[in-house]
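Here is the structure we will look at, set down as structure tokens.
Letters A, B, ... are given to chains in the order of the sequence lines, protein chains preceding strands, and every chain is numbered from 1.
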There are 2 protein chains.
Amino acid sequence: MNELITYFNKYNTLSENAIKAISEICKPVNIKKNQDLQSIGHTCRTIYFIKKGVARIYYFKDDIEITECFAFENAIIARVESLFTGKPSRKAIQMVENSELIAINSTKLFDLYDTFPEIERLFRKIFEAAYVDTVNRVESIQFHSAEERYNTLLKENSNVLQRVPLKYVASYLGITQVSLSRIRGIR
Amino acid sequence: MNELITYFNKYNTLSENAIKAISEICKPVNIKKNQDLQSIGHTCRTIYFIKKGVARIYYFKDDIEITECFAFENAIIARVESLFTGKPSRKAIQMVENSELIAINSTKLFDLYDTFPEIERLFRKIFEAAYVDTVNRVESIQFHSAEERYNTLLKENSNVLQRVPLKYVASYLGITQVSLSRIRGIR
DNA sequence: CTGATTATTTATCTTATGTTAAATTTTACT
DNA sequence: AGTAAAATTTAACATAAGATAAATAATCAG
């Protein structure tokens with residue numbers, strides 16, 4: 001749990017009691033490479049913290065698999081469009097490497113919000129930061145060329161390119177595998 | 001203030017005291033058509049509720065003006081990438097029509113969170129919903145053609161097309177004015 | 001109401017990315 | 001290690017959207 005507490009502290013420091021309460025709704029999960037952690041069609045009721053490994057959220061558009069995002073060590077991952085609406089998700093979470101996770105039951109977590117405003121605040125801040133990332137992603141996709149987006153990824157998140165198959169990276173960048181390969185070929 | 005309270009109730013019903021406290025940090029603002037409500041370069045410390053009118057957030061990319069989003073009556077608008085980070089915003093908010101707004105001081109609002117967890121919860125839920133919208137927008141921009149995006153807008157938000165100049169709509173859709181005109185010409 | 005400005009459309013040409021298919025390289029399994 | 005499967009690259013051609021410029025339509029100020 002230490003990694004998780006350290007992660008929490010970046011957003012909001014919790015009291016001993018709050019940490020204890022959260023600990024009780026967490027459980028460790030190990031997932032093998034390429035296995036789905038959460039499958040399409042189910043409502044998201046778990047927030048995962050990644051201790052080790054890489055996750056991606058993906059879905060299908062016209063039978064083509066699209067990667068929505070990646071998450072690495074010391075980050076959380078959840079299908080927020082389902083978590084916050086209670087609707088079934090059209091998306092799945094898959095582990096790209098053998099991974100160790102901590103599963104946080106979101107139903108129980110949301111109950112804790114009533115007793116621990118500090119926990120509500122913690123997750124408010126976590127998701128506000130994620131929201132900002134998503135706003136920036138809209139800008140990146142919409143107004144930068146595929147090549148610009150690739151170069152930004154290379155510069156700011158090169159571990160994606162080192163640890164994730166390019167076929168996943170391509171749809172994340174909003175282009176085809178062939179286009180990505182062409183862009184990489186230049187220079 | 002009635003419209004605002006009605007809007008709040010959709011997310012979280014507030015006690016009398018909480019409503020009173022929020023009311024004290026709100027003030028009415030009237031803005032003429034085409035005028036900027038907030039300008040580029042300043043840190044966002046105000047959340048606006050739109051009683052009447054249309055707002056858009058815009059910024060410049062390579063000297064070209066880009067519309068990030070629109071907001072209409074009974075919605076809030078804020079430059080969250082600045083609001084949640086405290087960094088100056090590269091974006092501006094402009095009113096597309098003569099408008100009546102309620103300005104909520106965000107510094108004071110965040111202070112209220114300490115005394116009123118219900119207010120913190122209210123805005124947590126408001127921004128969670130906005131976050132979900134943004135996640136869906138990423139999907140829309142990234143994996144639908146310009147024509148699909150235009151048709152979706154026409155179907156689900158046709159007031160945008162009725163009330164907003166097409167030159168703003170084009171960059172919102174991630175295309176040029178000329179492309180939008182071409183797409184509209186088909187059929 | 002009229003002229004001037006601004007917004008929108010149309011036309012032409014260019015370019016980035018998509019599509020399909022094949023070749024090559026890498027990875028995984030026995 | 002050797003083979004099959006999967007991933008990546010390369011090639012050739014197609015297409016959607018960009019760029020620029022000009023024409024038309026709509027809006028606004030006096």
Checklist entry - Taking atom types as modelled, is there a side-chain donor on A:Gln38 or A:Tyr48 under 3.5 Å from an acceptor on the other? => result yes
Checklist entry - Can B:Arg121 and A:Glu120 be counted as an ion pair, charged N to O under 4.0 angstrom? => result yes
Item to check | A:Ile183 side chain, from C-beta outward: closest of C:dA28, D:dA17, C:dT17 | outcome: C:dT17
Checklist outcome for this item: The complete set of salt bridge (Lys or Arg N to Asp or Glu O under 4.0 Å) pairs with one or both residues in residues 128-140 of chain B, sequence neighbours excluded, reads A:Arg90-B:Glu139, A:Lys91-B:Glu139, B:Arg124-B:Glu128
Checklist outcome for this item: Checking C:dT19, C:dA7, D:dA7 against the side chain of B:Lys167 (C-beta onward), the nearest is C:dA7
Checklist entry - Is the distance from OP1 or OP2 of C:dT9 to the nearest side-chain N or O of B:Ser181 less than 4.0 Å? => result yes
Checklist entry - For the pair made of NZ in A:Lys33 and P in D:dA7, what is the distance, rounded to whole Å? => result 10 Å
Checklist entry - Roughly, in whole Å, what's the span from CZ in A:Arg184 to P in D:dA7? => result 15 Å
Next on the checklist: Given C:dT17, C:dT10, D:dA17, identify the nucleotide with an atom nearest to the side chain of B:Ala146.
Outcome noted: D:dA17
Checklist entry - So, B:Phe70 versus B:Tyr168, ring centres under 6.0 angstrom or not? => result no
Item to check | B:Arg56 and B:Thr67: side chain donor to acceptor below 3.5 Å | outcome: yes
Item to check | Whole angstrom value for the distance that separates C1' of C:dA16 from CZ of A:Arg182 | outcome: 8 Å
Next on the checklist: Assuming nearest nucleotide by heavy-atom distance, tell me which of A:Ser145 and B:Leu180 is located more 5' along DNA chain C.
Outcome noted: B:Leu180
Item to check | B:Ile175 side-chain proximity, nearest of D:dA17, C:dT17, D:dA21 | outcome: D:dA17
Checklist outcome for this item: Separation of D:dC28 atom C1' from B:Asn34 atom CG, nearest Å, is 11 Å
Next on the checklist: Using a heavy-atom cut-off of 4.0 Å across all strands, would you classify B:Thr176 as base, sugar-phosphate, or nothing?
Outcome noted: sugar-phosphate
Item to check | d(CG, A:Asp63; P, C:dT19) in whole Å | outcome: 13 Å
Item to check | Distance in angstrom units between A:Leu161 CG and D:dT8 P, rounded | outcome: 11 Å
Item to check | Spacing of B:Gln177 atom CD relative to D:dA19 atom P, expressed in whole Å | outcome: 12 Å
Checklist entry - Rounded to the nearest Å, what distance is computed from the CD atom of residue B:Glu97 to the C1' atom of nucleotide D:dT27? => result 15 Å
